[in-house]
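Given the structure is predicted, the values throughout are model-derived calculations rather than measurements. These values consider heavy atoms only, across backbone and side chains, with no hydrogens, waters or symmetry-generated copies.
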Amino acid sequence: MQQVMASMSGDQDIGSHGGDGWLTALAVHRGSFLPLHRQIHDLVRREIDAGRLAPGSRLPSEGALAEQWGVSLAPVRQALMHLAAEGYLDRGRGRGTFVRRPKFEEKISTLSSFTGSHAEHGDRLELVMLYKGLVPRRPEAAALGGRSRKLVLIQRLARLEASPVALLSAYLDPARFPGIEQRELAGGSLYRTLDTVYGIELVRAESVIEAVHATDEEAAPLGVGTGAMVLRMDSVTYDRADEAVEFSKVLYLVERFRFSFESHRFDDRILHFPSPGAKGEARKR
């Protein structure tokens with residue numbers, strides 16, 4: 001394998017090629033012990049991993065690649081199909097083949113920081129405040145209790161390089177957190193503000209995830225059409241006294257996120273745990 005890669009590296013000069021056709025300058029070798037489709041798969045994946053094929057960029061057509069590489073359509077098509085199945089490419093009839101944007105991973109069993117968890121992976125996320133004020137009480141927030149007919153809504157948009165990826169809405173009882181709608185969030189974190197200003201530490205949450213169609217109000221900030229499919233997570237978060245503190249709704253763009261959790265069997269029950277080192281953390285939204 002190393003010999004093949006060394007040979008391929010000697011045959012190509014990536015820096016000297018530009019435009020959509022530069023990929024076709026990469027060499028495949030009929031004399032290699034690697035099948036042609038595997039060579040094509042590996043070199044395209046290597047260019048994606050190295051960032052020379054950027055997310056959203058369009059590959060040449062299968063026919064153009066086959067002609068330039070001097071192979072039939074079959075190995076090109078097989079390689080691109082495998083890359084699509086692995087999540088590297090998006091292929092659509094009549095649209096062409098594009099490099100897929102990487103997905104963020106959310107550990108649904110962990111109450112960790114939204115921005116912090118993605119920063120660990122080098123993601124450059126920012127949270128933009130969209131609204132902070134009082135709104136009519138929502139039926140979904142009944143778990144919060146209280147007699148107020150209004151709730152505090154803190155709504156923010158998570159963006160990556162100016163592109164929306166998630167819409168975060170947090171609802172709180174104004175009687176329990178007076179004036180919070182007028183405060184700057186400590187370090188941009190809602191949970192840190194609840195802890196440092198109001199003395200409330202959030203320790204667990206009950207969440208439900210489902211695929212829904214975005215409403216007009218939800219679709220606009222996310223930059224999608226009304227009715228577009230999104231992933232919605234509704235959560236009720238509790239403090240150390242096991243009292244409901246926050247109702248939150250997060251809408252994720254399905255093409256930008258995937259979810260993971262860890263399960264353990266104990267006394268014929270399946271228990272879900274956060275990853276090592278995350279125990280006791282609260283999501284600092």
Problem set entry | Heavy-atom check, side chain of Leu130 versus side chain of Arg156, under 4.5 Å | no

For this session: Check whether any side-chain N or O of Gln39 sits under 3.5 Å from a backbone N or O of Leu34 as a donor-acceptor pair, and report yes or no.
Result: yes

Exercise. When you measure from the side chain of Arg137 to the backbone N and O of Ser148, does any donor-acceptor pair fall under 3.5 Å?
Worked result: yes

Exercise. Could you state the interatomic distance from NE2 (His82) to CG (Leu89), rounded to the nearest 0.5 Å?
Worked result: 12.0 Å

For this session: Considering only NZ, NE, NH1 and NH2 on the basic side and carboxylate oxygens on the acidic side, decide whether Arg240 and Asp242 come within less than 4.0 Å.
Result: no

Seminar exercise, completed: Between Ala158 and Leu168 the two heavy atoms that sit nearest each other are CB-CD1, 4.0 Å

Problem set entry | Salt-bridge criterion met for Glu47 and Arg52 (N-O under 4.0 Å) | yes

Exercise. Does a side-chain heavy-atom distance below 4.5 Å link Leu167 with Val250?
Worked result: no

For this session: Go through Tyr252 and Arg232 one step at a time and tell me if the side-chain contact (heavy atoms from CB on, under 4.5 Å) criterion holds.
Result: CA-CA 6 Å; Tyr252 300 93; Arg232 170 173 166 170; over 6 Å; no

Exercise. For the atom pair NZ (Lys132) and CG (Leu190), what is the distance rounded to the nearest 0.5 Å?
Worked result: 9.5 Å

Exercise. What pair of heavy atoms forms the shortest contact from Thr193 to Ala186, and how long is it?
Worked result: OG1-N, 2.7 Å

Problem set entry | Ala175: side-chain contact (heavy atoms from CB on, under 4.5 Å) partners, not counting sequence neighbours | Asp173

Problem set entry | Gap separating the CE atom of Met229 from the CG atom of Leu253, nearest 0.5 angstrom | 13.0 Å

Problem set entry | Working for side-chain contact (heavy atoms from CB on, under 4.5 Å), residues Asp234 and Ser207 | CA-CA 5 Å; Asp234 288 355; Ser207 304; over 6 Å; no

Exercise. Can Val152 and Gln182 be said to form a side-chain contact (heavy atoms from CB on, under 4.5 Å), step by step?
Worked result: CA-CA 10 Å; Val152 174; Gln182 300 169 0; over 6 Å; no

Problem set entry | Linked, directly or transitively: Leu65 and Val71 (ILVMFWY side chains, under 4.5 Å) | yes

Problem set entry | Ala244 to Val236 - nearest heavy-atom pair and separation | CB-CG1, 3.8 Å

For this session: Please round to the nearest 0.5 Å and tell me the distance separating atom CG of Asp195 and atom OG of Ser189.
Result: 9.0 Å

Exercise. Can we say Arg91 and Glu62 salt-bridge, meaning some charged N sits less than 4.0 Å from an Asp/Glu carboxylate O?
Worked result: yes

Exercise. Between Val165 and Met233, is there a shared hydrophobic cluster once you connect ILVMFWY residues whose side-chain heavy atoms come closer than 4.5 Å?
Worked result: yes

Problem set entry | Expected output: side-chain Ser235 to main-chain Thr237 donor-acceptor under 3.5 Å | no

For this session: Heavy atoms only: give me the nearest Ala79-His41 pair and the separation to one decimal.
Result: CB-N, 3.6 Å

Exercise. Any salt bridge between Arg204 and Asp239, counting N to O under 4.0 Å?
Worked result: no

Exercise. Do the side chains of Val44 and Leu53 get nearer than 4.5 Å, heavy atoms only?
Worked result: yes

Seminar exercise, completed: Ser72 and Pro75 have their tightest heavy-atom pair at OG-CD, 3.1 Å

Exercise. In terms of hydrophobic clustering (I, L, V, M, F, W, Y; side-chain heavy atoms under 4.5 Å; direct or indirect links), are Ile180 and Leu151 co-clustered?
Worked result: no

Problem set entry | Flag side-chain contact, heavy atom, 4.5 Å: Tyr238 against Glu243 | no

Throw together a table of side-chain donor-acceptor distances under 3.5 angstrom for residues 216-224, partners on residues two or more places apart or in other chains.
unit_1: Asp216; atom_1: OD1; unit_2: Thr226; atom_2: OG1; d: 2.6
unit_1: Glu218; atom_1: OE1; unit_2: Thr215; atom_2: N; d: 3.0
unit_1: Glu218; atom_1: OE1; unit_2: Thr215; atom_2: OG1; d: 3.3
unit_1: Glu218; atom_1: OE2; unit_2: Lys249; atom_2: NZ; d: 3.0

Exercise. Do you know the tightest heavy-atom contact between Lys150 and Pro174?
Worked result: O-CD, 3.4 Å

Problem set entry | Pairs flagged by ring-ring contact (aromatic ring centres under 6.0 Å, His included) wherever residues 147-188 is involved - sequence neighbours left out | Tyr171-Phe247, Phe177-Tyr198

Exercise. Are the side chains of Tyr88 and Val99 in touch, meaning some heavy atoms are under 4.5 Å apart?
Worked result: no

Problem set entry | Arg176/Glu246 under salt bridge (charged side-chain N to carboxylate O under 4.0 Å, His left out): CA gap, chis, key distance, verdict | CA-CA 11 Å; Arg176 189 169 186 184; Glu246 173 210 29; over 6 Å; no

Exercise. Transitively linked via ILVMFWY side-chain contacts under 4.5 Å: Leu251 with Leu231?
Worked result: no

For this session: Can you establish whether the number of heavy atoms outside Glu184 located under 6.0 Å from its atom CD is more than 12?
Result: no

Exercise. Can you tell if the side chain of Leu134 reaches within under 4.5 Å of the side chain of Leu153, non-hydrogen atoms only?
Worked result: no

Exercise. How long is the gap from CG on Asp90 to CG on Leu59, to the nearest 0.5 Å?
Worked result: 11.5 Å

For this session: Would you give the length of the straight line joining atom CE of Met129 to atom CG of Leu127, rounded to the nearest 0.5 angstrom?
Result: 8.5 Å

Problem set entry | Side chain His213, main chain Gly227, donor-acceptor under 3.5 Å | yes

Problem set entry | Electrostatic pair Arg46:Asp42 at N-O distance under 4.0 angstrom | no

For this session: Kindly work out whether a path of hydrophobic side-chain contacts (I/L/V/M/F/W/Y, heavy atoms less than 4.5 Å apart) joins Leu172 to Leu144.
Result: no

